[in-house]
Every structure is written in structure tokens, then in C-alpha cells.
**Student:** 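Got a structure for you, written out below as C-alpha cells; questions coming shortly.
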Amino acid sequence: MAIRVPSVLSNARQILTRNQQVVPKGYIPVYVGDLADKKRYMVPLSYLSHPAFQDLLQHAEEEFGFNLTMGGLTIPCSEEKFFSLTSELKC
């Protein structure tokens, strides 16, 4: 019996794709950046209770609603602003 290479490759791709979608426990995926170039980041759930992060979430709700079509929240700000805010939250 021969191994069908296309079938094995297809299964491997599905497994890899599924593993890339996994969100670690205690985190939530968010998409940040310009409309044309959004990047996915994992944010600790503890950030959700911080007032500065809640302001970002409120702005996201006003602009996009909480429709999770991309698999995570879309934050309408630049990556620089997002990194600045999250670096302050880590302290």
C-alpha cells in the first residue's frame, strides 16, 4: 500500500493552520493597525479591566462594533499607540 503524498501534505497544512489559530489560556486576540495592514496580537485578559485599554475598546465598539469576523477584536489605532499603551500596562 502506497502513501498518498498529497493527502499527507493536506493533513499537515490543516494541523499547522489550526495550531496557528490557538489562543493561549488567559489571552484574547486583537487586530491592530491600518485598515490595509492589520496584525494579530495576543493580549492578556487582565488588560481588559484597565481604564486606558477600556477606552480603546470603547473606541473599537463605536467604529466597528464587536463583530469578531477576523477572529478577534479589531482595535482602531496605530501599532505605535498600541505598543505604547501596552508597555505602560506591563509596568
Side-chain angles (χ1 to χ4, degrees):
M1 182 183 289
I3 297 175
R4 295 178 56 211
V5 175
S7 175
V8 172
L9 291 176
S10 175
N11 288 339
R13 281 190 199 111
Q14 289 175 357
I15 291 169
L16 288 174
T17 302
R18 214 174 315 138
N19 287 340
Q20 290 174 354
Q21 300 293 330
V22 172
V23 177
K25 186 175 182 176
Y27 287 81
I28 184 170
V30 296
Y31 290 88
V32 178
D34 299 326
L35 291 175
D37 187 32
K38 293 204 180 295
K39 293 185 181 173
R40 183 178 181 187
Y41 296 99
M42 297 298 163
V43 175
L45 288 173
S46 61
Y47 286 10
L48 298 178
S49 62
H50 193 280
F53 201 82
Q54 287 180 353
D55 287 342
L56 274 181
L57 292 176
Q58 184 176 5
H59 188 63
E61 180 185 21
E62 291 169 0
E63 189 163 328
F64 301 112
F66 285 125
N67 187 358
L68 303 177
T69 57
M70 292 185 73
L73 292 171
T74 300
I75 305 290
C77 72
S78 67
E79 288 183 85
E80 293 81 21
K81 181 178 177 182
F82 179 75
F83 288 138
S84 174
L85 174 71
T86 56
S87 66
E88 291 174 17
L89 296 178
K90 290 179 184 179
C91 297

**Student:** Do Val23 and Ile28 have side-chain heavy atoms sitting under 4.5 Å apart?
**Tutor:** no
**Student:** side-chain contact (heavy atoms from CB on, under 4.5 Å) with Pro24: which residues, sequence neighbours excluded?
**Tutor:** Tyr27, Met42
**Student:** Of all the heavy-atom pairs spanning Arg40 and Pro29, show the shortest one and how long it is.
**Tutor:** NE-CB, 3.5 Å
**Student:** Between Ser87 and Ser84, which heavy-atom pair has the shortest distance, and what is it?
**Tutor:** OG-O, 2.8 Å
**Student:** Not counting sequence neighbours, which residues clear side-chain contact (heavy atoms from CB on, under 4.5 Å) with Glu80? List them please.
**Tutor:** Ser78
**Student:** Would you mind listing every side chain to side chain donor-acceptor pair (under 3.5 Å) that reaches into residues 41-52, with sequence neighbours excluded?
**Tutor:** Tyr41-Glu79
**Student:** Does any N or O in the side chain of Lys39 come within less than 3.5 Å of the main-chain N or O of Val32, such that one atom is a donor and the other an acceptor?
**Tutor:** no
